[in-house]
Structures are given as C-alpha cells and as structure tokens.
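Some notes on the structure that comes next.
Fair warning: this is a prediction, and the values are worked out from it, not measured in the lab. In each ligand, atom 1 is the first atom listed, and ligand 1 is the first ligand listed.
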Amino acid sequence: MSAGAYDKLIFELSSPGREAFSLAGADVPESDVRKILPEKHLRRDAPALPEVSEFDVVRHYSRLSRMNYGVDTHFYPLGSCTMKYNPKLNEDMARLAGFARLHPLAAEAVAQGALQLMHELARDLAEIAGMDAVSLQPAAGAQGELAGVLMIRAYHRSRGEKRTKVLVPDSAHGTNPASTAIAGYEVVEVKSLPNGEVDVDALARTLDTDVAAFMITVPNTLGMFEPRIVEITELCHAKGVQVYMDGANLNAILGITRPGDLGFDVCHFNLHKTFTTPHGGGGPGAGPVGVRAHLEPFLPVPVVTKDGDAYALDWKRPKSIGKLQAFLGNFGMLVRAYTYIRTMGPDGLRSVSDNAILNANYIMKRLEKAYDIAVPGPCMHECVLSARRQKKLGVTATDIAKRLLDLGFYAPSTYFPLIVEEALMIEPTETEAKETLDAFCDAMIQIAREAETNVAVIHDAPVTTPVRRLDQTKAAREPNLRWTPRA
Ligand SMILES: *Cc1c(COP(=O)(O)O)cnc(C)c1O
C-alpha cells in the first residue's frame with residue numbers, strides 16, 4: 001500500500017453516483033410524505049456526502065485505523081503520562097446499557113446504580129490516597145488542580161486570610177503554574193537541587209504568611225521520591241500553608257504510601273493515567289480531586305451522598321466552590337476506573353507500583369552506559385535520561401524520538417522536565433513484558449551507536465510514518481483540521 005493512499009480524504013474519494021448500499025426504493029409515495037412532514041422540514045438539496053462504494057468506505061477507514069498509534073498495538077513509553085494497558089473488561093462495563101444509556105439528567109430515583117458507583121469510587125480513591133473526601137467532577141488532572149487551588153483559596157478566605165502566592169518547583173508540569181494562575185494566584189518558582197529534590201532550605205526561606213499553598217508532584221517529575229516530603233509538609237503547615245500533591249505519578253506509590261499520610265491537604269488523581277481509562281486523541285479524561293476534612297465544605301457541587309441505602313446529589317453546600325463541569329463529569333471514565341480498582345483489589349494495586357518501579361529501573365540500568373542518567377537511581381516508575389552526550393555529536397532528544405518511530409516505538413516524553421538538558425523521560429508502566437522492554441532498550445542502544453557512526457539515518461527519520469517531521473509550532477498554533485471543498 002502506498003503512503004499516498006493515506007493522503008486522500010473520504011470526500012476526495014467520492015465519485016458521482018457511487019453507492020455503498022443496495023436497498024429497495026422507498027414504497028411511500030412522495031405525496032404521502034408531504035402530508036406527514038411539514039414543507040419546512042423537507043430537504044431541497046441532497047446532503048453533500050461523499051459518494052463511495054462499500055469497499056471504498058471499509059478500506060479507507062481500515063487504513064486510517066492502522067495509522068493510529070496506541071497501547072493496543074505498540075509500546076508507549078511516554079513519561080509522566082502512564083500509558084498503561086486499558087483492560088477490555090472496563091470497556092464492557094462502560095457499555096452496559098444501564099450506564100451508557102442513562103441520561104445525565106435522569107432523576108436520582110432512577111439513577112441509583114450510577115450514583116452508588118460514584119459514591120463507592122470516591123470512597124475507594126479517598127482510601128487509596130488517605131484523603132477524607134473526593135470529588136469526581138474534574139475532567140482532567142489540570143481541572144483537578146484548578147478545583148484544588150480554588151478550594152484552598154476558599155479555605156483561606158473563610159478564615160479571613162488573603163494570601164496571594166502559590167509556590168511551585170521548577171520541575172513542575174506546566175499545568176501546575178497554569179491552574180494556579182487561573183485561580184488568581186501569583187506563581188512563585190522554587191528552585192530544585194541539582195539532583196531534582198526540593199531545596200528545603202530555600203523553600204523554608206520562601207514560606208511566609210502570604211503563601212497560600214505549595215504544589216508538588218510526588219514522586220517528582222524526575223521519577224524520584226522526595227525524601228524529605230514529611231518535613232516539607234510539616235514546614236508548610238507551620239506557616240499555615242496548604243500542601244497540594246500533583247497525583248499524576250500515583251502509579252508509583254499505590255499501596256506503598258498515601259498522600260494523606262505524607263501530610264498533603266489536597267491531591268488529584270488522573271484516572272486516564274493511574275486507573276486505566278484511555279487517553280484518547282484529546283478525548284475525555286477524568287481528574288478527581290481528594291481533600292482532607294477541613295477542605296470538604298468547599299468541594300464542587302453536587303456531592304453524591306448516601307443515606308441508608310439511598311443515594312442522592314447534595315447541591316446545598318453554601319461554601320462550595322461551585323460547579324466545574326457539565327453534569328457530573330465524564331461518567332464513562334468513572335465506570336472504567338471503578339471496574340479497574342474493583343478487579344485489582346488492594347494487593348493487585350500494590351503490585352502495579354512494585355512492577356512499575358521494577359520495569360523503570362530495568363530500563364534505566366540497561367541504558368545507563370549509552371546515555372547520561374539525569375539523576376542517579378534507583379528511580380520510581382519512570383526514569384529520565386539526558387541526550388547531552390549525543391547532542392555534542394549533533395543528535396538531539398527530538399532526533400532520538402524521531403528515529404525511535406522508525407524502529408517501531410513511540411517516543412518517550414522529550415524536554416520534560418525542563419530542568420534536565422535534552423531530557424528523555426521514559427515510563428514503561430507495569431504491564432509490559434521483559435521482552436518488550438529489551439526490544440525498546442536495544443533500539444535506544446542502536447540509536448546511541450548510530451549517533452557515533454551514522455548521524456544521517458537519525459536526521460532523516462522518520463521515514464516509515466505517514467508524515468515526516470512536522471512543523472510542530474505551526475501545527476500547534478495554526479491547526480488546520482477542517483476540510484473545505486475546492487470551489
Ligand atoms: C499529566 C500531568 C498533569 C496534567 O494532567 P492532565 O490530566 O493531562 O490535565 C499534571 N502534572 C503532571 C506531572 C502530569 O504528568
């Protein structure tokens with residue numbers, strides 16, 4: 001199949017008069033139709049749909065589906081994103097008619113099963129994180145962050161305090177400063193030590209009564225557990241500062257430790273990372289947010305409550321930060337995450353993190369000679385390499401990522417965290433077999449060798465993909481996603 005076949009849109013395959021069906025003609029006379037349907041509802045012109053054969057349709061979409069790169073077909077080592085296997089059982093449960101076809105405005109009395117599921121999922125997440133209450137409403141980690149920071153703001157205000165700053169380490173994911181700024185706070189960056197850990201002395205100097213919160217990712221974005229985290233949360237609390245844990249890396253600590261036990265007041269969960277709901281082409285995610293009891297009054301409305309055996313939605317919460325999201329959030333994702341948690345059980349969830357850590361350390365060990373390691377291990381569920389050695393040979397982290405595509409692998413995260421030069425952030429997840437990890441490491445080692453012997457093959461990459469190197473800035477700033485027919 002030529003790559004050119006991918007270039008055509010279904011509209012461009014259209015040929016007048018071609019049809020993908022053979023149905024008997026309508027036997028209702030047009031005069032009868034006109035009696036039933038008012039004139040204004042009748043179409044005057046045929047819709048501008050592509051005219052194609054059934055073969056055209058099936059082959060076109062089958063070809064497109066094979067351009068899709070995902071965990072169902074390939075290894076996906078995208079650091080910080082936890083691209084883990086999405087059990088098909090989750091999909092079956094989310095498609096049960098009672099869940100999938102329930103109208104979001106259905107009366108509570110006929111939505112008891114869905115409300116029970118939400119109540120139990122919130123309870124389970126609270127238990128996993130050592131929190132007292134969880135809202136399932138946010139549709140992404142970033143929105144969970146916004147909700148968390150807004151609750152912190154409401155909490156300080158309820159105590160008559162007007163704090164104006166939020167501290168964020170320089171290793172943070174970009175959403176942390178962004179959601180903080182959207183919540184109306186000034187973002188103050190806290191420098192990390194060379195090994196990626198929080199500079200506790202610098203932090204202590206920055207903490208004052210104008211600081212509302214300290215926001216930190218644990219394990220941090222270098223894949224390392226913050227060794228002084230309890231000291232940090234205590235230092236913050238002594239100054240009345242709330243501590244927010246970015247829970248994107250929860251895959252590393254399930255059943256091992258809990259944000260609540262470490263002293264955090266708020267944390268979010270990325271169900272599309274740790275809890276196997278699909279990340280999909282910008283499709284729905286879910287970023288529940290958990291809080292300790294003192295923040296519970298501020299949770300977004302509505303909150304699912306339980307009274308005896310009956311579940312209800314509580315809207316009368318005068319201190320609530322309000323509603324964040326249409327209806328109750330991305331309910332289908334909640335069904336998937338609930339299914340996953342229930343099928344894994346506590347021991348299963350613990351083994352997730354044990355294996356995630358084992359896999360990441362295996363990769364780090366195998367690659368430590370070929371690449372510089374950002375910080376000495378052992379690491380948690382992901383490891384960060386630096387291509388600074390390869391850069392001296394003219395091969396950047398982007399080049400390595402592109403060459404990996406030709407060798408059959410998705411690229412790791414690149415240039416994140418920002419504090420590592422030419423960063424390559426690799427997260428294998430726990431469900432990958434040793435054979436897969438070895439094949440990936442072999443490819444990475446091959447590229448390191450090519451950087452010394454055959455730079456051209458790296459600079460030309462990718463040559464096996466439907467498109468070569470794109471102008472990434474233009475693609476992000478001027479996305480052209482709509483086809484318009486030629487005049
Ligand atoms: C993914 C991620 C986020 C943002 O979560 P979204 O669900 O993508 O909005 C925040 N912090 C870290 C460390 C992440 O990896």
### Identified salt bridge (Lys or Arg N to Asp or Glu O under 4.0 Å) counterpart of Asp372 within the set Lys391, Lys392, Arg388
Arg388
Any N or O of [X] closer than 3.5 Å to N or O of ligand 1:
{"X": "Thr221", "answer": "no"}
{"X": "Thr217", "answer": "no"}
{"X": "Asn249", "answer": "no"}
{"X": "Gly141", "answer": "yes"}
{"X": "Cys81", "answer": "no"}

#### Entry: Which segment of Ala248 sits under 4.0 Å of ligand 1 when only heavy atoms are counted
side chain
### Query
What part of Gln143 sits under 4.0 Å from ligand 1 if we count only heavy atoms: the side chain, the backbone, both or neither?
neither
### Task
Identify which one of Phe409, Phe440, Tyr85, Tyr69 satisfies the ring pair (Phe, Tyr, Trp, His ring centres under 6.0 Å) criterion when paired with His74.
Tyr69
### Message
Please report the interatomic distance CG(Leu349) to OH(Tyr340), rounded to the nearest 0.5 Å.
### Response
6.0 Å
### Query
Can you list the steps and then say if Arg366 with Asp438 is a salt bridge (Lys or Arg N to Asp or Glu O under 4.0 Å)?
CA-CA 9 Å; Arg366 271 211 63 195; Asp438 277 331; 2.9 Å; yes
### Summary
Closest non-hydrogen atoms of Phe264 and Met131, given as atom of the first, atom of the second and distance, are O-CE, 3.4 Å
## Note on the structure
Check: of His272, His173, Glu427, min heavy-atom distance to atom 7 (O) of ligand 1 comes from His272
### Query
Of the listed options (Lys273, His268, His279), which comes nearest to atom 14 (C) of ligand 1 when hydrogens are ignored and any heavy atom counts?
Lys273
### Task
For the pair Asp199 and Arg205, find out whether any cationic side-chain nitrogen is under 4.0 Å from an anionic carboxylate oxygen.
no
### Query
If you measure from the Lys or Arg side-chain nitrogens to the Asp or Glu carboxylate oxygens, is any gap between Lys365 and Glu368 under 4.0 Å?
yes
### Query
How are the rings of Phe416 and His173 set relative to one another: parallel (under 30°), tilted (30 to 60°) or perpendicular (over 60°)?
perpendicular
Residue and atom name of the nearest protein heavy atom (relative to [atom]), distance in Å to one decimal:
{"atom": "atom 5 (O) of ligand 1", "result": "Asn270 ND2, 3.0 Å"}
{"atom": "atom 15 (O) of ligand 1", "result": "Ser80 OG, 2.5 Å"}
{"atom": "atom 4 (C) of ligand 1", "result": "Thr175 OG1, 3.7 Å"}
{"atom": "atom 11 (N) of ligand 1", "result": "Asp246 OD2, 2.5 Å"}

### Task
Under 4.0 Å from a heavy atom of Glu145: give me the atoms of ligand 1 that qualify, with their elements.
10 (C)
### Message
With heavy-atom distances below 4.0 Å as the criterion, list the atoms of ligand 1 near Ala142.
### Response
5 (O), 6 (P), 9 (O)
### Task
Apply the test side chain to side chain donor-acceptor pair (under 3.5 Å) to residues Glu382 and Ser80: give CA-CA distance (whole Å), side-chain angles for both, the deciding distance (0.1 Å), then the verdict.
CA-CA 8 Å; Glu382 60 194 351; Ser80 208; 4.7 Å; no
#### Entry: Heavy-atom side-chain contact between Met93 and Val335 under 4.5 Å
yes
